[in-house]
Student: 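Just dropping this structure here.
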Amino acid sequence: MTLTTEKTMRLAGTDELDIVKTFECGQCFRWNADESGVYRGTALGAAARVWSADGGVYIASDFDPGWRDYFDLGCDYDGISLNFTGISPYMDECVAFGRGIRILRQEPWEALCSFIISQCNNIPRIKGIVERLCQGFGEPLSFEGDTYYTFPPAETLAGLSEKDLAPLRCGYRAAYIISAARAVADGTLDLDALSCACCEDSLKTLKNCYGVGTKVANCANLFGLGHMEAFPIDVWMKRALNEHFPPDFDPAALGPYAGLAQQYIFYYARSEGK
DNA sequence: AAACAGGCCTAAA
DNA sequence: TTTAGGCCTGTT
């Protein structure tokens, strides 16, 4: 039994980091709010509590695995967003509406695996499957009297069979998970190398994985490998692009941070559809 | 009850 | 290179 000292730190101002938008914009699946809007979850092997108060965002955890980097706070999103203004009035609306979203720098394997699970699923079900995956095969973490579970490393899942994943009720995605986990574990798929590679090469390599197509590969690139120019297009994005952008619009025109623009557009499109 | 969900795979033009 | 059908599971 080791004693830990809980620490609280201020992460950012609420204008710079909006935790509701950031956690609810569909990029992550393991942060959950309670009745009073306090979020709890685990990332980078640590459990934490995150909340907003007095114009600031605070985080409490037993140790700091690098929360600032996780929230990408070294990056000036307002400055970057200037690249997205003047494209169209609609784009301006998206930027204004999404201000405060941060692209979380999630762990590569967690991002890849989570978005494999996400295919043809809605968010509640994705969250359920991911949670069962972590509870079944992750490591327990005790924090503030509750037990949390880390995201299971690829090496752990590589030793399992599809049958072992039956309790997850993730359907045909089980084979994809096992296959990807084995590729990562045996070194065939080197995610760290991909985060250093260029976005395009990384995308191509990811797509070689069984069960990983263009959409999932782009999500892994953007949310797990730090490739901010990655531009995932799902049904929501397709609709938004069709309705609000010229038919020949090339996302590359948004520049090296196109992925952030994508998230603004996506978040706005989803909010409209509800 | 049948269709559809934040895709992808395979087979067939 | 594009297109159709099937796929697990869950919800409407």
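Every chain is numbered from 1, with letters handed out A, B, ... down the list of sequences.
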Student: I need the NZ-P distance between A:K238 and B:dA5, as an integer number of Å.
Tutor: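 Those two atoms, NZ and P, are 12 Å apart.
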Student: In terms of ring plane angle, is the pair A:F71 and A:W67 parallel, tilted or perpendicular, where the classes change at 30° and 60°?
Tutor: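 Geometry flag for A:W67 against A:F71: tilted rings.
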Student: May I ask you to check whether A:Y176 and A:Y210 place their ring centres under 6.0 Å from each other?
Tutor: yes
Student: Nearest-Å distance, CD1 (A:I177) to P (C:dC8)?
Tutor: 14 Å
Student: Please check if the distance between the ring centroids of A:Y90 and A:Y268 is under 6.0 Å.
Tutor: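 Close enough - the centres of the two rings lie under 6.0 Å apart.
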Student: Who are the side-chain hydrogen bond (donor to acceptor under 3.5 Å, both in side chains) partners of A:R49, not counting sequence neighbours?
Tutor: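 Testing A:R49 for side-chain hydrogen bond (donor to acceptor under 3.5 Å, both in side chains), a comparison that skips the adjacent residues, returns A:E6, A:E144.
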Student: List for me each residue that meets ring-ring contact (aromatic ring centres under 6.0 Å, His included) alongside A:F115, sequence neighbours excluded, and say none if there are none.
Tutor: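 ring-ring contact (aromatic ring centres under 6.0 Å, His included) list for A:F115, sorted by chain: A:F29, A:F223.
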Student: Distance check needed: C:dC7 C1' versus A:I129 CD1, whole Å only.
Tutor: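 Distance check: A:I129 CD1 to C:dC7 C1' gives 14 Å.
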Student: Encode nucleotides 6-13 of chain B as B, S and - characters from 5' to 3', where the letter depends on protein heavy atoms closer than 4.0 Å: B to the base, S only to sugar-phosphate, - to neither.
Tutor: BBSS----
Student: Give the rounded distance in Å between these two atoms: CZ of A:R125 and P of C:dG10.
Tutor: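 Checked: the CZ to P distance equals 6 Å.
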Student: Name the nucleic acid region contacted by A:R169, choosing base, sugar-phosphate or nothing; use a 4.0 angstrom heavy-atom cut-off, strictly under.
Tutor: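 Sugar-phosphate contact only - A:R169 comes under 4.0 Å of backbone atoms but never of a base.
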Student: Could you measure between the two C1' atoms, the one in B:dA3 and the one in C:dG5, and give it in whole Å?
Tutor: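 After rounding to an integer number of Å, I get 15 Å for this pair.
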Student: Can you name the residues that form a side-chain hydrogen bond (donor to acceptor under 3.5 Å, both in side chains) with A:D201, not counting sequence neighbours?
Tutor: none
Student: Assess the residue pair A:D34 and A:R40 against the criterion (salt bridge (Lys or Arg N to Asp or Glu O under 4.0 Å)); give the C-alpha distance rounded to whole Å, side-chain angles, the decisive distance to 0.1 Å, and a yes or no.
Tutor: CA-CA 8 Å; A:D34 66 16; A:R40 281 168 242 269; 2.8 Å; yes
Student: Does DNA chain B take part in any stems of at least 3 consecutive Watson-Crick or G-U pairs (both distances under 3.5 Å), and if so, which ones?
Tutor: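 DNA chain B stems, ordered by first number: B:2-5 with C:9-12, B:7-13 with C:1-7.
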Student: Once the angle between the rings of A:W109 and A:F151 is folded into 0 to 90°, is it parallel (under 30°), tilted (30 to 60°) or perpendicular (over 60°)?
Tutor: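 Rings of A:W109 and A:F151: perpendicular, as their planes differ by over 60°.
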Student: Under the rule for side-chain hydrogen bond (donor to acceptor under 3.5 Å, both in side chains), what residues qualify as partners of A:Y70, not counting sequence neighbours?
Tutor: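 Applying side-chain hydrogen bond (donor to acceptor under 3.5 Å, both in side chains) to A:Y70 gives A:W31.
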Student: What interatomic distance, in whole Å, is found between P of B:dC8 and the corresponding atom of C:dT11?
Tutor: 23 Å
Student: Without decimals, in angstroms, what is the distance between A:L165 CG and C:dT9 C1'?
Tutor: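 Atom-to-atom, A:L165 to C:dT9, this comes out as 15 Å.
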Student: Rounded to the Å, how far apart are A:E131 CD and C:dT9 P?
Tutor: 20 Å
